[in-house]
Every structure is written in structure tokens, then in C-alpha cells.
Amino acid sequence: MATLSTKHLLGIKDLSVQDIDLILETAKSFKEVINRPIKKVPSLRDITVANLFFENSTRTRISFELAQKRLGADIINFSASTSSVKKGETLIDTANNILSMKVDMIVMRHSSPGACVFLAKKVNAHIINAGDGTHEHPTQALLDAFSIKEKLGTLKNVKVAIVGDILHSRVALSNILLLNKMGAKVKVCGPLTLMPKYIQALGIEVETNLMKALEWCDVANMLRIQLERQDTKYFPSLREYALMYQLNNEVLSKLKKEIIIMHPGPINRGVEITSDVADSKHSIILEQVENGVAVRMAVMYLLAGINH
Ligand code: CP
């Protein structure tokens, strides 16, 4: 059986092209499974997974839990807001206490970049990064890639414009790393104040004009402005941002072609995208969510097969 080259999924940067291909191919099989009348397979029977969410989540948390249930795993759900973290318990003490109950795999979301890397060095369980601050969100990038490949048949030479708050987005970084590895072409688009310094080092072109980015791309991945991570003003107002960077029907009607519209969620309707566009036939936002379950099943199934 083909296996991954890594014991953990901490970031896309640790995955080889073969790893990514293997995850996407395995996810295809799991998508077939979850569309059958009997949606469960016992691949993770006797495996215990702890979902540690130190930061809010809807899609990722539910998707991981459903994927675990479909694979027959035993599940522990931990939410920092109702835990002893509120009494001052540290991340490592929390993790060690949970692991002493014989947990095999940890899925963790944390607001600190690198929290999963830290945990992976300290504990003897498979760690999956479900989003660490502004750093990486590898399963989001994998499900985005799966969704693009499902629509276009390939990632090679597909032109993807990632639009919005690139500076604070772990989705942007993981997508850029993955799409670069798989031979897609990527541009980021948004105000220069929302571009990270490292962007040029990644070989990515920056486009500040939304219309030009859309005319260039096959796929537009629209990101939300992450006000909760912004300690300073990066643009005058949300209204002004929307005037320049909102994907709406007026903008789309000027395009001479059709593009695929993506969004990782949560959507700020009326800011980066209007409701009519988010809910249009060109949008694959809910397909992304559906594909997330199959992709996360693939990741956990493949990691569970590694014993080093
Ligand atoms: N896309 C995503 O990570 O959504 P959640 O924050 O709801 O998990």
C-alpha cells in the first residue's frame, strides 16, 4: 500500500507531490463511499481521535468529526472555551492529559502559528493541523485542490487568483504552497497593505486590480477580511474595500468568460462577495464543503497507516 512520507500533517510545505497526489486519489475513493447508501467504512476502527479546538470553527470541526464517524473512529471533542484552559492549563498539559487516555491522533486548531509543530515534537500521536493562526490550513488547501481538479480534471497550468486578505490568511499560504507544487499558476490580488512580505519569495505575482486578476484566472478563490486578526487599519473602510475588491454580478458581467468561484468560508456576504454570486451556478462553495469530508477521511486514513 502507498503511504505518506510524513507521520503528521502540519503544513503543505511538508508534503511531496506524491503525498498530495496520494491524498487526492484516496479522497476520490472516499467521496464514492460517502455517496453510497451505507456511508461508513471501518478503516479507523480502534483508532481514537481527539479534536482539540482552541479557536472557533464551523466547517473544519464538523467536517473532521463527520469524517471520523464515517471511518468508524472513537472521537473525543475538546473545546477550549469550556475546558480547564480557562483555569490556566497549558497546551502541553492539556494534550498530555488527553493522550494518557490512549489517544492515537490529534486534530488541532489553534490561534498561534506553529502550535501544531510544537505539539508534534512533544507528544507521540499523529498531529493534524486544522489551522494555526495566520500560518497554515493544509486540509483546506487539499480540499480546494480536490475541488478544482474535480471541475477541471487537472491542477497543471490552472490559473488561480486568490483575492482578499492574504496577509492574515492561512488558507492563502497553504493554497499557494500546494498549487505551486502541483504546477498550477497563482496570482494574489488585494490591497498592497494586505500582502505579506514573503509573497515575492514564493514566486507569486501580486495584482492590485481585481478586474485584471479575474480576466487572467480560471478560478477565483475569494477570501474574507479577517478583522479579528487585524490590530491596525489596512484600508479606510469595509465599504471602500468592497468597492475595489468585491466579486459581484456587475464585475462578472464585464468578464468575457466564465470562471469558477471558490470561498473557504466563513463568507462575509456583501463584503468580498455578494450573495447572488456566492449562491450562483459558478460558485462551488458548498462542493468545497462536501469534498472536505472525503479529503479529511483520506488524510486520517493515510496517517493511521504510518507507524513511525
Ligand atoms: N474554512 C474554514 O476553516 O472554516 P471554519 O473556520 O468554519 O472551520
Side-chain angles (χ1 to χ4, degrees), residues 9-12 23-24 27 49-70 75 77-82 105-116 127-148 150 160-179 188 190 219-230 247 260-269 271-273 277-279 283-300:
L9 178 57
L10 304 177
I12 297 295
I23 293 169
L24 299 184
V49 189
N51 297 312
L52 309 191
F53 278 74
F54 292 87
E55 197 189 70
N56 295 345
S57 169
T58 298
R59 279 146 292 269
T60 312
R61 188 175 55 78
I62 292 172
S63 177
F64 265 113
E65 188 175 339
L66 190 57
Q68 290 148 9
K69 286 182 171 157
R70 299 279 189 247
I75 307 165
N77 285 318
F78 165 94
S79 163
S81 59
T82 53
M105 198 177 282
I106 290 179
V107 175
M108 185 166 84
R109 170 167 288 192
H110 203 282
S111 57
S112 296
C116 292
I127 309 293
I128 300 175
N129 183 358
D132 59 335
T134 56
H135 180 223
E136 278 227 44
H137 193 350
T139 56
Q140 180 69 47
L142 286 160
L143 76 87
D144 289 344
F146 184 93
S147 305
I148 295 171
E150 193 174 55
V160 182
I162 305 175
V163 183
D165 184 357
I166 312 297
L167 182 64
H168 299 97
S169 176
R170 54 196 176 207
V171 174
L173 180 59
S174 288
N175 262 274
I176 290 167
L177 294 173
L178 188 152
L179 292 167
V188 287
V219 178
N221 195 351
M222 305 303 295
L223 304 180
R224 133 189 111 83
I225 297 292
Q226 300 200 26
L227 290 173
E228 76 277 20
R229 297 193 206 278
Q230 299 186 7
L247 191 56
I260 294 171
I261 296 159
M262 301 175 71
H263 195 305
I267 300 174
N268 280 336
R269 287 175 184 260
V271 180
E272 69 273 7
I273 192 166
V277 173
D279 303 332
S283 157
I284 60 164
I285 295 170
L286 291 180
E287 284 161 72
Q288 289 172 261
V289 177
E290 182 190 346
N291 291 335
V293 178
V295 165
R296 290 175 174 121
M297 286 171 81
V299 166
M300 291 187 286

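Just follow the structure's listing: the first ligand is 1, and inside any ligand the first atom is 1.
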Does G131 come within less than 4.0 Å of ligand 1, judged by its heavy atoms?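 Flag not set, G131 not near ligand 1.
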When you measure from the side chain of S147 to the backbone of L143, do you find a donor-acceptor pair of N or O atoms at a distance under 3.5 Å?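 Side chain of S147 to backbone of L143: a pair is present.
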Determine whether a donor-acceptor pair (N or O, by modelled atom type, separation under 3.5 Å) exists between the side chain of R109 and the backbone of E55. no
Is the count of non-hydrogen atoms from other residues, nucleotides or ligands lying under 6.0 Å from N77 atom CG greater than 12?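 Buried by this count: over 12 neighbours within 6.0 Å.
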Out of T58, I267, D144, L143, whose heavy atom sits nearest atom 7 (O) of ligand 1?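 Looking at heavy atoms only, T58 sits closest to atom 7 (O) of ligand 1.
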What about P266: any of its N or O atoms under 3.5 Å from an N or O on ligand 1?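 By distance alone, the answer is no.
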Under 3.5 Å, is there a donor on one side chain and an acceptor on the other for H263 and R224?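 The answer is no; no qualifying pair exists.
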Would you mind listing which atoms of ligand 1 come within a distance below 4.0 Å of any non-hydrogen atom of G265? 1 (N), 2 (C), 4 (O)
Which residue supplies the protein heavy atom nearest to [atom], what is that atom called, and how far is it?
atom                   : value
atom 1 (N) of ligand 1 : P264 O, 2.8 Å
atom 4 (O) of ligand 1 : R59 NE, 3.0 Å
atom 6 (O) of ligand 1 : R109 NH1, 2.8 Å
atom 2 (C) of ligand 1 : T60 OG1, 3.5 Å

Checking side-chain hydrogen bond (donor to acceptor under 3.5 Å, both in side chains) against E65, which of R61, Q68, K69 comes through? K69
Please identify each residue that fulfils side chain to side chain contact (heavy atoms under 4.5 Å, CB included) with D165, with sequence neighbours left out.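 If we apply the side chain to side chain contact (heavy atoms under 4.5 Å, CB included) test to D165, skipping adjacent residues, the hits are L167, H168, L194, I225, Q226, Q230.
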